[in-house]
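All remarks here apply to the structure that follows.
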Amino acid sequence: MVSKKKAMEFIDTIDLMFPDAECELHANNPFELTIAVLLSAQCTDALVNKVTPNLFNKYKTPEDYLSVELEELQQDIRSIGLYRNKAKNIQKLSQILIDQYNGQIPSLRDELVKLPGVGRKTANVVTSVAFNEPQIAVDTHVERVSKRLGICRYKDDVLTVEKTLQKVIPVERWSKTHHQLIFFGRYHCLARNPKCRECPLLNDCREGQKRLRKGLVKID
DNA sequence: CTCCCGATAT
DNA sequence: ATATCAGGAG
């Protein structure tokens, strides 16, 4: 594990690389954001954004999602993948919002995670982006880059990764840094072919040094 | 742990 | 052909 000081150097460099990082899912209110994040499981943001314009035009309220047959909603989100689970969860979630939350998305993380299809990561995104609460949502990118850089260990589970990042990063930077780690993972430290050769963190990166030794990083 | 799953990049 | 994508539930 790298020191807290070294971790902050990583964070500050990534801050310079992606100063404008933010949520890339298109949504105009907490309800739309929750649906969008739920749909984004194991699927790219870009693909979700191709579906949501028509989806949000057709379904504006929880009642709207319950007004059609399950099969129709499945077809409307089919291209996203995992569409049977997601369609079912959207309808169950809609019924719960009507029954228990006056049709509104709750703003507390502990309430959000009770909704079907909403786990800790989705709840953290909603509270952070829609309700402006400091959070670090650990998705596939945040987990991968944190482990590669040595901010946490490869064996750590996502909750440990989240707690470690919270310890290292000042709370006022949680939400911004969280998005910057996603951008760093999505556009630079790619899962399959990380751009180590052009990475400003290569000298201090545990995974980058390992890849250098293995000859996976080509040097001119 | 497995299952859910289509679209896209490599 | 295969790995990967803002995961969650059983």
Requested in this report: Please test A:Glu207 against A:Leu149 for side-chain contact (heavy atoms from CB on, under 4.5 Å), starting from the C-alpha separation and ending with a verdict.
Outcome: CA-CA 6 Å; A:Glu207 180 67 22; A:Leu149 289 171; over 6 Å; no
Requested in this report: Dump the intermediate steps for side-chain contact (heavy atoms from CB on, under 4.5 Å) on A:Leu97 and A:Gln104, then the final yes or no.
Outcome: CA-CA 6 Å; A:Leu97 290 183; A:Gln104 299 296 116; over 6 Å; no
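Classified by interplanar angle (parallel below 30°, tilted 30° to 60°, perpendicular above 60°), the ring pair A:Phe184/A:His188 is parallel.
For A:Tyr65 and A:Phe31, the ring centers are positioned less than 6.0 Å apart.
Residue A:Asp45 places its side chain closer to C:dA6 than to any other of C:dC5, C:dA6, B:dC4. Distance from the side chain of A:Leu25 is smallest to C:dA6 among C:dA6, C:dC5, B:dA7. Out of C:dG7, B:dT10, B:dA7, the shortest distance to the side chain of A:Ser79 is found at B:dA7. Closest contact between the side chain of A:Leu82 and the listed nucleotides C:dC5, B:dC4, B:dG6 involves B:dC4.
Across all strands, A:Asn193 comes closer than 4.0 Å only to sugar-phosphate atoms, never to a base (heavy-atom distances). Within the 4.0 angstrom heavy-atom criterion, no nucleotide atom of any strand lies near A:Leu190. Nucleic acid contact for A:Leu39: none, since no nucleic acid atom lies under 4.0 Å from a heavy atom of the residue. Contact annotation for A:Val158: no contact, since no heavy-atom pair falls under 4.0 Å across all strands.
In this structure, A:Arg186 reaches the C:dA6 phosphate: one of its side-chain N or O atoms is under 4.0 Å from OP1 or OP2. Note on A:Lys50: a side-chain N or O is less than 4.0 Å away from OP1 or OP2 of B:dT8. Look at A:Thr122 and you'll find a side-chain N or O under 4.0 angstrom from OP1 or OP2 of C:dG8. Side-chain nitrogen and oxygen atoms of A:Thr140 include at least one within less than 4.0 Å of the OP1 or OP2 phosphate oxygen of C:dC5.
Each of A:Lys92 and A:Glu22 has a nearest nucleotide on DNA chain C; the 5'-most of these lies closest to A:Glu22. With the nearest nucleotide of DNA chain C identified for both A:Val125 and A:Arg192, A:Arg192 has the one nearer the 5' end.
Pairing each heavy atom of A:Pro106 with each of A:Phe131, the nearest pair is O-CE1, 3.6 Å.
Protein atom NZ of A:Lys86 is 13 Å distant from nucleotide atom P of C:dA9, rounded to whole Å. For the pair A:Leu93 CG and C:dG7 P, the computed distance is 18 Å after rounding to whole Å.
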